[in-house]
2 protein chains.
Amino acid sequence: MTKRATWQREAVRDALSTSEGFVSAQSLYGALRESGSPIGLATVYRALSDLAVGGDADSLQQEGESLYRACTPGSHHHHLICRNCGLTVEIEADAVEAWAASVAADHGFTQPSHVVDVFGLCAACQRLG
Amino acid sequence: MTKRATWQREAVRDALSTSEGFVSAQSLYGALRESGSPIGLATVYRALSDLAVGGDADSLQQEGESLYRACTPGSHHHHLICRNCGLTVEIEADAVEAWAASVAADHGFTQPSHVVDVFGLCAACQRLG
DNA sequence: CCTGCTATTGATAATCATTCTCAGCACGTG
DNA sequence: CACGTGCTGAGAATGATTATCAATAGCAGG
Ligand SMILES: [Zn+2]
Ligand SMILES: [Zn+2]
Ligand SMILES: [Zn+2]
Ligand SMILES: [Zn+2]
């Protein structure tokens, strides 16, 4: 018997999918409490971790904290992220995948994985100066 | 009057350059104390931060902590890192640089930057199975 | 070689995100 | 509906990093 369904897990999943870009566990917890949910902080951390492991969310580390985002399940992709407002665009690039794999192989490394993120200022944030 | 020269900063620079791969501030501090240096922990953190800002060291976040490595100054490059022993190989890939820049531009993002790291198991660590 | 100004240092406390603990609760099966 | 076990959450614990702040030590001038 593994992974029971609880309203807490669904609440986290929903809150995550209504976010535009990447959010931290802390801010997601804050948003949930704001909206009246009595969910606990530890539970938010556990739910996000589970979503990431299960492939329903992507995560990245920024300034010492983990950020999460609901992503199209089952597809490997990367992100273009506005470093001001967090707006995120999913990116697919087979060329980069192939490059990463060949770089590892060329140096005798096995079980390759990679971290690829592109940051910038989105059009909207540029206008705000 | 900025950035005075102290033996502490040099000690950190030296310790970093004698390390094979990426190391944490904590472990570098430990190594320095092991070798008899009376340097303080806060100073190690400050020195590493300065080196990274000055372009003499690269850093990456792994499992919630910052890792540092002495790198060839002034040259933009990425890393292939053994996730077991930390062995690191510097890699240059103009194709990836161009890809990152064009992806940002295509979506109207300016001031692009990127994080690209490849991980794997090095030949030596594979044998240890 | 002295002097003064000020950046730097380091022991310690303070932050902050994340994880652990564990008693009480609730999902899902029968 | 009853039971067994996974799940929850308040609070403590952990661990990395940063802030404090008095004492120290580069370094430019004289
Ligand atoms: Zn933006
Ligand atoms: Zn990829
Ligand atoms: Zn290795
Ligand atoms: Zn690059």
Side-chain angles (χ1 to χ4, degrees), chain A residues 1-16 19 21-54 56-69 81 83 86 115 117, chain B residues 1-16 19 21-54 56-69 81 83 86 115 117:
Chain A
M1 308 297 128
T2 47
K3 290 287 172 270
R4 291 179 183 173
T6 64
W7 65 264
Q8 286 95 334
R9 270 201 245 277
E10 272 314 297
V12 170
R13 185 189 295 271
D14 289 349
L16 195 62
S19 297
F22 281 84
V23 291
S24 68
Q26 297 282 350
S27 65
L28 200 66
Y29 170 70
L32 283 163
R33 297 303 289 242
E34 282 286 312
S35 70
S37 173
I39 196 170
L41 177 59
T43 302
V44 173
Y45 272 99
R46 283 185 289 241
L48 287 174
S49 176
D50 287 347
L51 286 172
V53 169
D56 293 322
D58 281 354
S59 69
L60 63 86
Q61 327 290 120
Q62 193 174 57
E63 293 165 25
E65 69 179 351
S66 291
L67 303 183
Y68 296 86
R69 177 171 186 273
I81 305 154
R83 68 171 72 88
V115 174
D117 295 301
Chain B
M1 320 315 141
T2 47
K3 287 285 169 279
R4 291 176 182 172
T6 65
W7 64 263
Q8 287 95 334
R9 269 200 248 275
E10 273 313 300
V12 169
R13 185 189 295 272
D14 289 348
L16 195 61
S19 297
F22 282 84
V23 290
S24 67
Q26 298 282 350
S27 66
L28 200 65
Y29 169 70
L32 282 164
R33 297 302 291 243
E34 281 286 313
S35 70
S37 172
I39 196 170
L41 176 61
T43 302
V44 173
Y45 272 99
R46 283 186 289 242
L48 286 175
S49 175
D50 287 348
L51 287 171
V53 169
D56 293 322
D58 281 353
S59 68
L60 62 87
Q61 330 289 123
Q62 194 173 55
E63 293 165 24
E65 70 180 350
S66 290
L67 303 183
Y68 296 86
R69 176 169 187 273
I81 305 153
R83 71 177 129 253
V115 174
D117 294 301

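Residue numbers start from 1 in every chain, and the chains themselves are labelled A, B, ... in the order their sequence lines are given, proteins ahead of strands.
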Straight-line distance of A:S66 OG to A:Q26 CD, nearest 0.5 Å
11.0 Å
I'd like to check the salt bridge (Lys or Arg N to Asp or Glu O under 4.0 Å) partners of B:R9; sequence neighbours left out, ordered by chain and number.
B:D50
Sort me out a list of protein N/O and nucleotides 23-25 of chain C N/O pairs below 3.5 Å, or just none if empty.
none

When rounded to whole Å, the CD to C1' distance for the pair A:E65 and D:dA16 reads 14 Å
Distance check, rounded to the nearest 0.5 Å: B:S59 atom OG versus B:E65 atom CD?
12.0 Å
Is any side-chain heavy atom of B:R69 closer than 4.5 Å to a side-chain heavy atom of B:L67?
no
Base, sugar-phosphate alone, or nothing: which one does B:Q26 contact when heavy atoms must sit under 4.0 Å apart?
base
Is there side-chain contact between B:Y68 and B:L16, with at least one heavy-atom pair below 4.5 Å?
yes
Once rounded to the nearest 0.5 Å, what's the spacing between atom OG of B:S27 and atom CD of B:E34?
11.5 Å
A:E10 CD to C:dA26 C1': how many Å, rounded?
16 Å
Would one find a side-chain N or O of A:Y45 under 4.0 angstrom from OP1 or OP2 of C:dT19?
no
What integer distance in Å separates B:Q62:CD from D:dA16:C1'?
15 Å
Which of these passes side chain to side chain contact (heavy atoms under 4.5 Å, CB included) with A:L32: A:I39, A:T43, A:D14, A:L41?
A:I39
What nucleic acid atoms does A:S24 come within less than 4.0 Å of, heavy atoms only: base, sugar-phosphate, or nothing?
nothing
First locate atom CG of B:L48, then atom OG of B:S24, and finally report the distance between them rounded to the nearest 0.5 Å.
9.0 Å
Could I get a table of every N or O pair under 3.5 Å where one atom is in the protein and the other is in nucleotides 8-14 of chain C?
{"unit_1": "C:dT8", "atom_1": "OP1", "unit_2": "B:R4", "atom_2": "N", "d": "3.3"}
{"unit_1": "C:dT8", "atom_1": "OP1", "unit_2": "B:R9", "atom_2": "NH2", "d": "2.6"}
{"unit_1": "C:dT9", "atom_1": "OP1", "unit_2": "B:T6", "atom_2": "OG1", "d": "2.7"}
{"unit_1": "C:dT9", "atom_1": "O3'", "unit_2": "B:Q8", "atom_2": "NE2", "d": "3.1"}
{"unit_1": "C:dG10", "atom_1": "OP1", "unit_2": "B:Q8", "atom_2": "NE2", "d": "3.3"}
{"unit_1": "C:dG10", "atom_1": "OP2", "unit_2": "B:G40", "atom_2": "N", "d": "3.1"}
{"unit_1": "C:dG10", "atom_1": "OP2", "unit_2": "B:T43", "atom_2": "OG1", "d": "2.6"}
{"unit_1": "C:dG10", "atom_1": "N7", "unit_2": "B:R46", "atom_2": "NH2", "d": "2.5"}

Please state how far atom CG in B:L48 lies from atom P in D:dT18, giving the value in whole angstrom units.
11 Å
A:L28 has an atom CG; how far is it from atom P of C:dA17, in whole Å?
14 Å
Can you tell me how far apart OH (A:Y29) and OG (A:S37) are? Round to the nearest 0.5 Å.
9.0 Å
